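I have placed the structure first, in the form of structure tokens, so that the comments after it can refer back to it.
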Amino acid sequence: QVQPVESGGGSVQAGGSLRLSCGAWKHSLDDFAIGWFRQAPGKEREFVATINYGDDETYIPDTWKGRFHVSRDSSRSAVYLQMNDLEPEDTAVYYCAAGRYMSIHASAYTNWGQGTQVTVSS
């Protein structure tokens, strides 16, 4: 069973950038759609981005399009979430999740990572 693992979180100042990585221990992510979600303190988990498998089709809501970019590197069996021009409101725990099809709904993803903290200071 694939177990996603996130990395790359940290603390940055507003306007900075981070690249989050999603990998898997002893498994390849190449056969899975990957979704990125985030959850800020006291708020519900929200969808951020998704990338399909095979054709690497992506979807990012307009809210973050232009600042966030999702990509896949099959040679490394990794999926990345590049986040630019970060704002304090982006502070959250970011999760990657694997599923059989791309979706904006968390319920479509069957395997979740433990999350990585992103903190953006003003």
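Remember, it's a predicted structure, so these values are computed and weren't measured experimentally.
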- Note on the structure: For residues 113-122, the side-chain hydrogen bond (donor to acceptor under 3.5 Å, both in side chains) pairs (sequence neighbours left out) are Gln117-Thr119
- Here the gap from Tyr53 atom OH to Met102 atom CE, rounded to the nearest 0.5 Å, amounts to 11.5 Å
- Message: Could you check whether any side-chain N or O of Ser21 sits under 3.5 Å from a backbone N or O of Tyr80, counting only pairs where one atom can act as donor and the other as acceptor?
- Response: no
- If two hydrophobic side chains count as joined below 4.5 Å and joins carry through other members, does Val12 share a cluster with Leu20? yes
- Below 4.5 Å, heavy atoms only, C-beta onward: do Gln82 and Phe68 meet side chain to side chain? no
- Co-membership, hydrophobic cluster, residues Val48 and Ile34, 4.5 Å side-chain: yes
- Query: Where is the tightest heavy-atom contact between Val93 and Gly115, given as atom of each residue plus distance?
  - Reply: CG1-CA, 3.8 Å
- Message: Let me check something: do Trp64 and Leu81 share a hydrophobic cluster, defined by ILVMFWY side-chain heavy atoms less than 4.5 Å apart, either directly or through other members?
- Response: yes
- When rounded to the nearest 0.5 angstrom, what distance separates CE in Met83 from CG in Leu18? 5.0 Å
- Message: Checking Arg76 now: which residues fulfil salt bridge (charged side-chain N to carboxylate O under 4.0 Å, His left out) with it, not counting sequence neighbours?
- Response: Asp73
- Write down the atom of Ala24, the atom of Val2, and the distance for their closest heavy-atom approach. CB-CG2, 3.6 Å
- Message: Quick one, Asn111 and Gln1 - any side-chain contact, counting heavy atoms below 4.5 Å?
- Response: yes
- With sequence neighbours excluded, tell me which residues meet ring-ring contact (aromatic ring centres under 6.0 Å, His included) with Phe37. Phe47, Tyr109, Trp112
- Message: Just so I know, are the side chains of Cys22 and Leu29 near enough to count as touching, which here means a heavy-atom distance under 4.5 Å?
- Response: yes
- Measure the shortest side-chain to side-chain distance between Thr50 and Val70 over non-hydrogen atoms and say whether it is less than 4.5 angstrom. no
- Item | Atom pair CD1/CD1 of Ile60 and Ile51 - distance to nearest 0.5 Å | 9.0 Å
- Query: Quick one: side-chain hydrogen bond (donor to acceptor under 3.5 Å, both in side chains) pairs with a partner in residues 8-20, sequence neighbours left out?
  - Reply: Ser17-Asn84
- Note on the structure: Quick note, side-chain hydrogen bond (donor to acceptor under 3.5 Å, both in side chains) partners involving residues 31-43, not counting sequence neighbours, are Arg38-Glu46, Arg38-Asp90, Arg38-Tyr94
- Task: Output all residues satisfying side chain to side chain contact (heavy atoms under 4.5 Å, CB included) with Asp30, sequence neighbours left out; order by chain, then residue number.
- Result: Ser28, Arg72, Ser74, Ser77
